[in-house]
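In what follows, chains are A, B, ... by sequence order, proteins preceding strands, each numbered from 1. Since the model is a prediction, treat every value here as computed from it, not as a measurement.
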Amino acid sequence: MSSTTARPEVTFGSKSSGRAIRNTVATVLVWAAFLIALIPLGWIMWTVLTKGLHVLFTGTWWQKDQSGALPPGFDHNVRGARHALVGTLEMSVVTSVIAIPIAIMTAIYLVEYGRGKVARLVSFMVDILSGIPSIVAALFIYAIWVTTFGLKLIPVCASIALAMLMIPVVTRSTEEMLKLVPNELREASYALGVPKWKTITRVVLPTSLSGIVTGALLGFARVAGETAPLILLAAYTQYLNENIFSGNMAALPTMISTEFSNIGDAVSSERLWGAACTLILLVLVINLLGRLVGRLAKVKK
Amino acid sequence: MAKRIDVQDLDIFYGDFKAVEGVNLSVEPRSVTAFIGPSGCGKSTVLRTLNRMHEVIPGGRVQGKVLLDDEDLYAASMDPVVVRRTVGMVFQRPNPFPTMSIADNVAAGLRLNGVKDKKTLNEVVEKSLKGANLWNEVKDRLDKPGAGLSGGQQQRLCIARAIAVQPQVLLMDEPCSALDPISTLAIEDLIHELKDSFTVVIVTHNMQQAARVSDQTAFFNLKATGQPGHLIEIDDTKTIFNNPTEKATEDYISGRFG
């Protein structure tokens with residue numbers, strides 16, 4: 001054996017000091033990045049909770065809307081956010097009802113059927129859609145609904161605009177989940193003489209159900225906090241409106257932006273932080289719900 | 001119940017690439033035929049054309065004929081879904097459905113094809129699990145997930161699932177290559193029993209296994225890398241292992257290959 005090969009000298013048993021240093025530096029950097037990312041999260045939670053949490057325990061918060069509120073500076077009651085909570089829930093649920101079936105079917109097409117040019121085009125369109133600013137989606141719905149058809153704006157317009165934002169998010173997450181289903185399961189099903197559509201509905205979808213549900217609920221949480229389409233399409237009102245097909249409808253984000261214009265007023269400020277706290281709580285509950293459903297539907301081990 | 005298979009001048013393609021060329025072979029009903037040969041020679045590909053699973057892969061297509069009791073599986077009017085109900089398949093790696101219990105896995109083929117009657121399904125589950133020599137091991141936990149079984153048990157569960165739809169032919173693609181010797185023995189014993197009611201075609205890398213389980217052996221090989229695979233010869237297993245016609249076969253079997 002000649003020693004002409006360019007092999008680095010390694011002393012057996014001792015750890016190279018250069019590598020130990022690089023390891024330490026990398027570890028410190030990774031931890032530092034993690035902690036820096038954590039700071040704003042903790043700070044936001046702290047601010048919102050300290051300023052808003054006590055409002056949620058006001059007796060009227062969950063029961064009453066803002067009817068009877070006097071102009072800022074003359075009102076001494078916080079009153080409630082029921083109108084905004086109901087509005088957010090209704091509009092987000094309707095958004096989900098529109099968006100989730102379309103998104104799941106698009107994802108099924110892309111993963112199970114899509115080949116060649118059409119699939120690439122659809123995939124590209126989903127990318128474009130996910131890049132559309134929410135205010136542009138709202139303007140588009142306004143242009144169609146009001147300018148083209150001459151109809152009166154109703155809260156469901158906001159749901160349609162929100163659905164445009166939700167579809168790409170849920171499509172992408174569902175796509176990832178469907179891709180995780182091993183091809184062997186599809187082949188096992190085909191080999192039993194099961195048609196493709198039944199393989200998808202009875203084998204592929206149940207196997208990836210928990211992931212799909214989690215993705216859909218994350219999409220729901222995302223649109224529940226969306227503001228721009230609401231400002232354009234669903235004007236804020238201080239009264240409770242349970243009919244999504246007529247009138248104006250309040251939502252938590254628009255309640256926050258309305259109260260923000262009088263943030264100097266103590267009562268308005270209470271309402272604002274209370275609404276912010278309610279919104280965070282709602283998103284949190286939905287996330288937990290998603291995880292719970294995901295766990296229940298989990299692949300059995 | 002079992003049917004005979006005749007393959008005539010079969011060429012198999014992946015897109016433009018010709019993977020296997022000019023295969024002619026016959027398989028008698030109620031017999032076991034083993035496909036042997038080096039990796040990449042196309043034996044699994046040939047096996048997958050026997051129940052039209054080859055075309056599931058994008059670009060997969062064939063030229064030539066595969067006859068099942070004189071009916072051409074590749075005739076224009078033939079429905080691949082019906083072909084796969086008639087010709088079942090067991091894969092290399094056990095692949096029970098992870099969301100289903102042991103009983104549901106076995107019943108899957110029938111249930112997904114519209115059989116709803118509980119009594120029929122229960123009978124089929126018991127009969128198929130007994131047929132796969134698994135009944136005694138799982139009869140007390142039929143409602144437990146199939147993925148919780150050992151590898152060998154999972155593979156027998158997959159065999160039970162395949163025979164539950166009562167196919168005429170059972171294809172096995174290296175069914176023991178992911179299993180330990182004890183589980184392999186269990187599967188080989190099972191193949192001997194399955195022969196009474198099914199036509200069995202098995203791909204294997206283990207030549208002793210081919211010698212143990214099969215009546216007839218087909219040897220596949222490549223002429224050179226990048227060239228399509230060929231069927232070199234097919235004959236009684238005894239003849240192939242003791243007195244093969246082709247020198248390539250003898251070299252491969254005696255380990256003097258390459």
Side-chain angles (χ1 to χ4, degrees), chain A residues 104 108-123 174-216 292-301, chain B residues 47-48 50-59 79-102 104-114 143-149 154 157-158 161-167 169-173 178:
Chain A
I104 290 182
I108 289 176
Y109 168 75
L110 286 175
V111 176
E112 306 288 338
Y113 292 95
R115 299 269 177 272
K117 273 189 183 152
V118 185
R120 275 205 298 278
L121 187 72
V122 172
S123 188
T174 306
E175 224 185 317
E176 291 310 313
M177 291 305 135
L178 292 179
K179 279 184 192 159
L180 284 181
V181 176
N183 233 346
E184 290 147 26
L185 293 184
R186 296 186 181 89
E187 294 206 329
S189 179
Y190 296 152
L192 290 171
V194 179
K196 187 167 186 174
W197 68 272
K198 230 168 194 174
T199 300
I200 293 167
T201 54
R202 301 287 295 274
V203 175
V204 178
L205 285 180
T207 307
S208 53
L209 185 68
S210 70
I212 294 174
V213 170
T214 310
L292 191 73
V293 172
R295 188 155 301 176
L296 289 181
K298 208 180 173 74
V299 168
K300 294 172 198 138
K301 277 271 154 63
Chain B
L47 190 79
R48 288 169 66 94
L50 301 183
N51 68 342
R52 295 190 64 166
M53 284 295 285
H54 174 64
E55 67 206 44
V56 170
I57 298 163
D79 179 359
V81 171
V82 176
V83 170
R84 293 178 202 135
R85 267 175 221 174
T86 318
V87 184
M89 191 163 194
V90 176
F91 296 85
Q92 188 169 357
R93 289 222 317 242
N95 52 2
F97 297 128
T99 53
M100 298 184 193
S101 69
I102 292 171
D104 288 344
N105 258 289
V106 179
L110 292 178
R111 184 171 290 156
L112 296 184
N113 283 320
D143 56 343
K144 293 281 186 315
L149 298 173
Q154 285 189 25
L157 178 64
C158 292
R161 181 176 68 185
I163 62 180
V165 293
Q166 298 196 310
V169 178
L170 196 58
L171 309 176
M172 299 179 141
D173 190 358

Enquirer: At what distance, to the nearest 0.5 angstrom, does CZ of A:Arg202 lie from CG of B:Leu112?
Expert: 5.0 Å

Enquirer: For a quick test of reading the model, state the closest non-hydrogen atom pair linking A:Pro195 to B:Arg85 and the distance between them.
Expert: CD-NH2, 4.2 Å

Enquirer: Looking at A:Thr199, A:Leu185, A:Thr201, A:Val203, which makes the most heavy-atom pairs under 4.5 Å with chain B?
Expert: A:Leu185

Enquirer: Using heavy-atom distances under 4.5 Å, tell me whether B:Pro80 contacts chain A through its side chain, its backbone, both, or neither.
Expert: neither

Enquirer: Identify whether the distance between the nearest side-chain nitrogen and carboxylate oxygen of A:Glu187 and B:Arg48 falls below 4.0 Å.
Expert: yes

Enquirer: Quick one: what part of A:Arg186 sits under 4.5 Å from any heavy atom of chain B, side chain, backbone, both or neither?
Expert: neither

Enquirer: Indicate the atoms forming the closest heavy-atom contact of A:Ala191 with B:Met89, along with that distance.
Expert: CB-CB, 3.8 Å

Enquirer: Mind listing the closest non-hydrogen atom pair of A:Ala188 and B:Arg161 along with its distance?
Expert: CB-NH2, 3.3 Å

Enquirer: Which heavy atom of A:Tyr190 sits nearest a heavy atom of B:Arg84, and at what distance?
Expert: O-CD, 3.1 Å

Enquirer: Side-chain contact, heavy-atom cut-off 4.5 Å: A:Glu184 with B:Phe91?
Expert: no

Enquirer: What part of B:Val83 gets within 4.5 angstrom of chain A, counting heavy atoms only: side chain, backbone, both, or neither?
Expert: neither

Enquirer: Non-hydrogen atoms of chain B under 4.5 Å away: do they reach the side chain of A:Ser189, the backbone, both or neither?
Expert: both

Enquirer: Does B:Asn113 reach the side chain of A:Leu192, with side-chain heavy atoms less than 4.5 Å apart?
Expert: no

